[in-house]
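Notes follow once the structure below has been shown.
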Amino acid sequence: MDDSKCMVNLAKFYLGFTVDESCGKCTPCRIGTKRMLEILEKITEGKGEPEDLERLEKLAKIIKTTSVCGLGQTAPNPVLSTLHYFKDEYLAHINQKTCPTGECKALSHMKINSEKCKKCGLCAKNCPVEAITGDRETGYKIDEEKCIKCGACQKNCHFGAI
């Protein structure tokens with residue numbers, strides 16, 4: 001993994017796996033991991049609050065010490081590790097409502113850099129929802145209300161303007 005991976009999203013991925021694999025016999029693992037996953041989903045959707053970090057850590061420690069099997073006892077580890085080493089990413093998601101890597105689609109903002117844009121129109125041609133308007137003379141703009149953040153414009157821009 002490198003710095004293009006969102007650690008909050010990564011923790012959410014591993015916790016989602018644990019939720020799916022839980023046998024459901026003990027309450028901490030069955031319910032606690034679901035609550036942790038809900039908090040991580042809330043954060044990656046841009047709806048996180050500063051107190052969510054405290055809740056996550058508290059829940060993780062309870063689950064770790066009270067779960068019956070190894071799955072439940074280790075389930076919180078990705079969250080605890082990312083909270084410890086990448087807290088700044090969690091804070092960016094919560095306070096600035098932005099994902100530093102751009103991996104969390106709900107927090108990404110697509111814009112066209114007019115200085116880099118060569119007004120070729122490839123972005124507009126490849127937008128599946130016609131969220132990009134403009135022409136070769138005036139340049140192009142992305143309507144963030146229409147944009148579904150699929151990245152098609154970015155992939156097709158040969159000039160790195162998006």
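Side-chain atoms of Leu53 and Leu91, non-hydrogen and from C-beta on, do get closer than 4.5 Å to each other. With contacts defined as side-chain heavy-atom distances shorter than 4.5 Å, the pair Pro50/Asn95 qualifies. With a 4.5 Å cut-off on side-chain heavy atoms, Leu10 and Pro78 do not count as touching.
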task: Take Lys111 and Lys141 through the side chain to side chain contact (heavy atoms under 4.5 Å, CB included) test and state the conclusion after the steps.
output: CA-CA 7 Å; Lys111 290 184 180 181; Lys141 285 182 10 179; over 6 Å; no

- request: Start with the C-alpha distance between Thr98 and His93, add both sets of side-chain angles, then the distance that settles side chain to side chain contact (heavy atoms under 4.5 Å, CB included), and finish with yes or no.
  value: CA-CA 5 Å; Thr98 176; His93 281 73; over 6 Å; no

TODO: Show the numbers, then the answer: is there a side chain to side chain contact (heavy atoms under 4.5 Å, CB included) between Lys58 and Ile62?
DONE: CA-CA 6 Å; Lys58 190 175 182 180; Ile62 291 169; 4.3 Å; yes

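Within a 6.0 Å sphere centred on OH of Tyr14, heavy atoms belonging to other residues, nucleotides or ligands number 12 at most. Within a 6.0 Å radius of CD in Glu130, other residues, nucleotides and ligands contribute 12 heavy atoms or fewer.
Annotation: side-chain contact (heavy atoms from CB on, under 4.5 Å) contacts of Cys127 (sequence neighbours excluded): Val129, Ala131, Ile132.
Put simply, SG on Cys99 and CG on Asn9 are 7.0 Å apart, with the number rounded to the nearest 0.5 Å. Interatomic distance, NZ of Lys105 versus SG of Cys6, reported as 11.5 Å (0.5 Å rounding). With rounding to the nearest 0.5 Å, the separation of SG in Cys29 from CD1 in Ile63 is 7.5 Å. Note that NE2 of His158 and NZ of Lys118 are 13.5 Å apart. Values are rounded to the nearest 0.5 Å. The distance from atom OG of Ser114 to atom NZ of Lys119, rounded to the nearest 0.5 Å, is 8.5 Å. Note that the CD atom of Glu89 and the CD1 atom of Ile94 stand 12.0 Å from one another [nearest 0.5 Å].
Distance alone, capped at 3.5 Å, is enough to place a donor-acceptor pair between the Thr44 side chain and the Leu40 backbone. Checking side-chain atoms of Ser22 against main-chain N and O of Gly24 turns up a donor-acceptor pair under 3.5 Å. Of the possible polar contacts, one joining the Thr82 side chain to the Val79 backbone as a donor-acceptor pair under 3.5 Å is found. Proximity of a side-chain donor or acceptor of Thr101 to a complementary backbone N or O of Glu103 within less than 3.5 Å is detected. At least one donor-acceptor pair under 3.5 Å links the side chain of Thr74 to the backbone N or O of Gly70. In this structure, Arg55 contributes its side chain and Ile39 its backbone to no donor-acceptor pair below 3.5 Å.
When hydrophobic clusters are built by joining Ile, Leu, Val, Met, Phe, Trp and Tyr residues whose side-chain heavy atoms come closer than 4.5 Å, directly or via intermediates, Val8 is grouped together with Met36. Taken together through direct or relayed side-chain contacts under 4.5 Å among Ile, Leu, Val, Met, Phe, Trp and Tyr, Tyr90 and Tyr85 form parts of separate hydrophobic clusters. Cluster membership for Ile43 and Leu15, using ILVMFWY side-chain heavy atoms within less than 4.5 angstrom, is shared. Tracing side-chain contacts under 4.5 Å through hydrophobic residues (I, L, V, M, F, W, Y), one reaches Leu37 starting from Leu83; they form part of the same cluster. When hydrophobic clusters are built by joining Ile, Leu, Val, Met, Phe, Trp and Tyr residues whose side-chain heavy atoms come closer than 4.5 Å, directly or via intermediates, Leu107 is not grouped with Phe86.
Within the structure, salt bridge (charged side-chain N to carboxylate O under 4.0 Å, His left out) contacts touching residues 17-45 (residues at least two apart or in different chains) are Arg35-Glu38, Lys42-Glu49, Lys42-Asp52, Glu45-Lys47.
In terms of heavy-atom proximity, Met110 sits nearest to Cys153 at CE-SG, 3.8 Å. Considering all non-hydrogen atoms of both residues, Ala92 and Pro100 come closest at CB-CG, 3.9 Å. The minimum heavy-atom distance linking Lys97 with Gly48 is given by the pair NZ-O, 3.0 Å. The two residues Cys123 and Ile112 make their nearest non-hydrogen contact at SG-CD1, 4.2 Å.
For the 3.5 Å distance criterion, the side chains of Lys64 and Asn77 qualify, holding a donor opposite an acceptor.
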